Participant: 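The structure's right below; bear with me while I get my questions together.
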There are 2 protein chains.
Amino acid sequence: MSNKGDILNKLTQQGYRITPQRIMILEAVEDAENHISAEEIYIFVCARYPNVNISTVYRTLELLKELELVTETDFGDGRVRYHSIKKGHHHHLVCQKCGGIIDVDESVFAPLRESLSGKYGFEADIHHLAIFGTCKKCK
Amino acid sequence: MSNKGDILNKLTQQGYRITPQRIMILEAVEDAENHISAEEIYIFVCARYPNVNISTVYRTLELLKELELVTETDFGDGRVRYHSIKKGHHHHLVCQKCGGIIDVDESVFAPLRESLSGKYGFEADIHHLAIFGTCKKCK
DNA sequence: ATTGCAGCTGCGAATTGTTGCATCTACATA
DNA sequence: TATGTAGATGCAACAATTCGCAGCTGCAAT
């Protein structure tokens with residue numbers, strides 16, 4: 001499992017630069033207990049390094065996403081949330097009635113992925129998905 | 001298969017009103033060849049009935065979605081698209097390299113739905129999903 | 001240590017979609 | 001046919017995210 005140094009190396013190797021802003025944003029995502037929004041990252045970073053711009057936060061998250069260092073999930077509450085890939089791939093079942101979220105291991109989606117690959121030759125890139133529906137309690 | 005009259009009846013039965021705006025918006029979705037965005041619906045409606053407001057379009061689509069008359073799909077290009085339910089449930093495989101879209105029958109997702117129901121008691125509400133990945137050609 | 005410059009940042013404006021509220025209207029009832 | 005009112009609309013403000021651009025900076029090569 002990679003640590004912060006490895007991630008910074010990965011950036012350098014691909015021709016990207018290490019900047020204080022990027023380090024802080026990366027730390028914010030890594031330190032977060034759960035999925036964290038761009039706004040929350042912004043607040044976190046500003047606390048120690050004022051004058052960071054929210055658009056830099058968005059741009060850095062975009063970059064980290066491309067490098068597959070973070071994943072993005074839309075929980076349907078009007079803002080997208082981010083999560084370090086170090087904490088593993090998983091999916092979320094979002095109950096549209098009570099708002100509860102159930103975490104689901106990636107393995108549940110393996111048959112679907114195989115089926116799409118076999119029937120359509122399509123390699124699905126589903127690392128972090130939010131599926132909406134109704135949970136056991138609310139049925 | 002329901003026609004426009006049936007849909008309008010369904011609205012009335014549930015205590016919703018039939019307004020010119022709603023009729024026009026409904027027609028726009030029904031007439032659309034493919035998935036249509038809110039913006040496109042707005043342009044279509046404005047052409048014959050000016051002074052409709054874009055927020056009415058969004059609110060009407062929200063309503064039609066709740067009544068399960070249209071489905072909403074996020075193709076990841078920054079805008080959500082809508083589709084009449086009359087044209088059947090299906091899903092989309094979006095290639096992140098060439099941008100191509102493969103339509104997939106809903107049945108492919110049945111095992112996943114059963115698995116989520118069996119293991120977690122969660123009734124997944126997946127009628128129209130866009131799955132990202134790499135298609136056969138671009139592999 | 002200096003320099004060159006591609007890549008990065010901050011800022012402000014634009015874009016896309018949502019919400020609050022005052023006004024209006026479809027339609028059930030009288 | 002007239003009326004009351006819950007539901008619908010238009011408008012403008014708001015929120016989340018993206019974009020253009022001028023100036024700044026990390027870092028590789030001197």
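This is a predicted model, so every value here is computed, not measured. In what follows, every chain begins at residue 1, and chains take the letters A, B, ... in the order their sequences are listed. Worth knowing before you read on, the calculation uses all heavy atoms, side chains too, and leaves out hydrogens, waters and symmetry mates.
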Participant: Atom pairs, N/O to N/O, protein against nucleotides 27-30 of chain C, distance under 3.5 Å?
Facilitator:
from: dC27(C); atom 1: OP1; to: Ile18(B); atom 2: N; distance (Å): 3.1

Participant: The helix from dA1(C)-dT30(D) to dA30(C)-dT1(D): angle between its terminal axes, five pairs each, to 10°?
Facilitator: 30°

Participant: Is there a side-chain contact between Met24(A) and Val52(A), using heavy atoms and a 4.5 Å cut-off?
Facilitator: no

Participant: Side-chain contact, heavy-atom cut-off 4.5 Å: Cys135(A) with Cys98(A)?
Facilitator: yes

Participant: Applying side-chain hydrogen bond (donor to acceptor under 3.5 Å, both in side chains), can you list everything that pairs with Asp125(A), at least two apart in sequence or on another chain?
Facilitator: His127(A)

Participant: Just the rounded figure in Å: distance from C1' of dT9(D) to CD of Glu62(B).
Facilitator: 16 Å

Participant: Tell me whether the side-chain N/O atoms of Tyr58(A) come closer than 4.0 Å to OP1 or OP2 in dT18(D).
Facilitator: no

Participant: Please list, chain by chain and in numerical order, all residues satisfying ring-ring contact (aromatic ring centres under 6.0 Å, His included) with His91(B), sequence neighbours excluded.
Facilitator: Phe109(B)

Participant: Measure the shortest side-chain to side-chain distance between Val108(B) and Tyr120(A) over non-hydrogen atoms and say whether it is less than 4.5 angstrom.
Facilitator: yes

Participant: Which whole-number value in Å describes the distance from Asp77(A) CG to dG17(C) P?
Facilitator: 17 Å

Participant: Do Leu61(B) and Val80(B) belong together in a cluster built from hydrophobic side chains that touch within less than 4.5 Å?
Facilitator: yes

Participant: I want to check something: taking the side chain as every heavy atom from C-beta on, are Ile102(A) and Phe122(B) in contact at a cut-off of under 4.5 Å?
Facilitator: yes

Participant: Taking atom P of dA16(D) as reference, at what distance in whole Å does atom CZ of Phe75(A) sit?
Facilitator: 17 Å

Participant: Using heavy atoms and a sub-4.0 Å distance, could you list which residues of residues 36-55 of chain A are near DNA chain C? By number, please.
Facilitator: Asn51(A), Val52(A), Asn53(A), Ser55(A)

Participant: Do Arg59(A) side-chain and dG10(C) base share a donor-acceptor contact under 3.5 Å?
Facilitator: yes

Participant: Between Gln21(B) and dT25(C), is there a side-chain N or O to OP1/OP2 distance below 4.0 Å?
Facilitator: no

Participant: Expressed in angstrom and rounded to an integer, what is the separation of Lys65(B) atom NZ from dG17(C) atom C1'?
Facilitator: 11 Å

Participant: What is the distance, rounded to the nearest whole Å, between atom CD of Glu72(A) and atom C1' of dA16(D)?
Facilitator: 12 Å

Participant: Do you see a donor-acceptor pair shorter than 3.5 Å between the side chains of Thr134(B) and Glu123(A)?
Facilitator: no

Participant: Among Thr60(A), Thr56(A), Leu64(A), find the residue that satisfies the side chain to side chain contact (heavy atoms under 4.5 Å, CB included) test when tested with Arg22(A).
Facilitator: Thr60(A)

Participant: Can you sort out the partners of Asn53(B) under side-chain hydrogen bond (donor to acceptor under 3.5 Å, both in side chains), two or more places apart, ordered by chain and number?
Facilitator: Ser55(B)

Participant: Check the distance between dG7(C)'s P and Glu66(A)'s CD and give it to me in whole angstrom.
Facilitator: 13 Å

Participant: Rounded to whole angstroms, how far apart are CZ on Arg79(A) and P on dT17(D)?
Facilitator: 7 Å

Participant: Atom CG of Leu63(B) and atom P of dT18(C): how far apart are they, to the nearest Å?
Facilitator: 14 Å

Participant: Between His35(A) and His128(A), is the ring centre distance below 6.0 Å?
Facilitator: yes

